[in-house]
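Shown next, in structure tokens, is the structure this report addresses.
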Amino acid sequence: MNLEPTIDTPGRPAMELARETRNPIRKLYYWTLHWSETKYALPALILLSFAESSFFPIPPDVLLIAMCFATPSRWMRYAFWCTLASVLGGILGWYIGWGLWEGVGESIVRLYHGQDIMEKVRNLYLEYGFWGVLIAAITPIPYKVFTIASGVFKFDLLQLIVASIIGRGFRFFVVAGLIRWFGPKVRPFLEKHFELAMAAFGMLGVLGFLAIKFVPH
């Protein structure tokens, strides 16, 4: 018999479930769901989205989804702030590559094992320009690698900003919109198979790294 608590247990607050579960993945989910219903949720989403575009590994989608579950009527507001923060974080990534490569930018790229793909990122920019940035903004390709690389190779900052607005906006508004319209149907499945969903989400990140790694010269 599965005695693991579920988030849809009537009358059970998320933080209480987080304390009870021994599953670290579900503990993180319940904890995130709890904070998504507090006054600190939006600042946390903004900070997470900003940091993820330049150096932080965890994508903001998880918190965005939890917040849209908690308050579906605010999905456009959440997607807007997530997009704005991500664009500003991308600008920081550009400046890290442009002026802080030695010591800061190089350490971040090394952390994500991206040293050997910097030249491929450069070739992608040279071949596709604006569209290369746009593709990176929408797909699971690690966006921080592109924002830092764009600064290292002195690519046009305005192009990065425009592509980020379009690409990141598309990504976050689609995610939030899907939760707004299909959340009640998706949520039971997501929570029942949460570990599988997290594994699939992580696989997207791996595929993103591979997508850069195998970009032809």
Side-chain angles (χ1 to χ4, degrees), residues 6-8 13-15 17-18 24-93 133-147 161 163-208:
T6 57
I7 196 66
D8 55 357
M15 187 57 77
L17 293 171
I25 297 178
R26 285 190 176 272
K27 187 180 289 290
L28 176 62
Y29 174 70
Y30 294 139
W31 183 85
T32 302
L33 200 65
H34 164 76
W35 286 107
S36 71
E37 299 173 338
T38 71
K39 63 182 180 180
Y40 304 106
L42 186 57
L45 179 66
I46 292 172
L47 180 61
L48 180 59
S49 184
F50 177 85
E52 187 269 338
S53 290
S54 50
F55 62 90
F56 199 63
I58 300 176
D61 305 65
V62 176
L63 182 55
L64 175 63
I65 290 171
M67 291 173 64
C68 289
F69 274 147
T71 317
S73 61
R74 296 183 180 179
W75 71 276
M76 292 187 68
R77 180 188 180 193
Y78 296 151
F80 168 79
W81 283 108
C82 197
T83 301
L84 178 61
S86 183
V87 172
L88 294 176
I91 295 174
L92 174 62
V133 184
L134 186 58
I135 291 171
I138 298 175
T139 66
I141 292 175
Y143 194 55
K144 59 188 68 61
V145 175
F146 278 83
T147 59
I161 294 173
S164 296
I165 292 172
I166 297 172
R168 302 299 265 187
F170 174 82
R171 169 175 165 174
F172 296 134
F173 272 89
V174 166
V175 168
L178 288 174
I179 298 301
R180 167 63 180 87
W181 297 110
F182 301 105
K185 297 179 180 179
V186 173
R187 185 171 179 172
F189 175 85
L190 177 64
E191 290 168 351
K192 183 177 181 181
H193 305 282
F194 187 67
E195 290 80 3
L196 180 62
M198 288 296 292
F201 198 79
M203 184 60 65
L204 287 176
V206 173
L207 291 175

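Numbering of residues begins at 1 and proceeds along the displayed sequence. Please read all numbers here as calculations on a predicted model, not as lab measurements.
Residues Pro60 and Phe172 have side chains in contact (heavy-atom distance under 4.5 Å, counting atoms from C-beta outward). Within the 4.5 Å cutoff, the side chain of Phe173 has heavy atoms near those of the Phe80 side chain.
Taking CG of Leu45 as the start and CG of Asp61 as the end, the distance is 9.5 Å to the nearest 0.5 Å. With rounding to the nearest 0.5 angstrom, the CD1 atom of Ile179 is 11.5 Å from the CH2 atom of Trp75.
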Which donor-acceptor pairs under 3.5 Å do the side chains of residues 82-91 make with protein atoms, sequence neighbours left out?
{"residue": "Thr83", "atom": "OG1", "partner": "Ala79", "partner atom": "O", "Å": "2.8"}
{"residue": "Ser86", "atom": "OG", "partner": "Ser53", "partner atom": "OG", "Å": "2.7"}
{"residue": "Ser86", "atom": "OG", "partner": "Arg168", "partner atom": "NE", "Å": "2.8"}
{"residue": "Ser86", "atom": "OG", "partner": "Arg168", "partner atom": "NH2", "Å": "3.4"}

List the atom pairs, with distances to 0.1 Å, where a side-chain N or O of residues 62-74 and a protein N or O form a donor-acceptor pair under 3.5 Å, not counting sequence neighbours.
none

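Across all their heavy atoms, Lys144 and Phe55 have their closest contact at CE-C, 3.9 Å. Closest heavy-atom contact between Thr147 and Ser54: OG1-CA, 4.3 Å.
Evaluation of the salt bridge (charged side-chain N to carboxylate O under 4.0 Å, His left out) test over residues 63-72, restricted to residues two or more places apart or in two chains, returns none.
The ring pair (Phe, Tyr, Trp, His ring centres under 6.0 Å) check on Tyr40 picks up Trp35, with sequence neighbours excluded.
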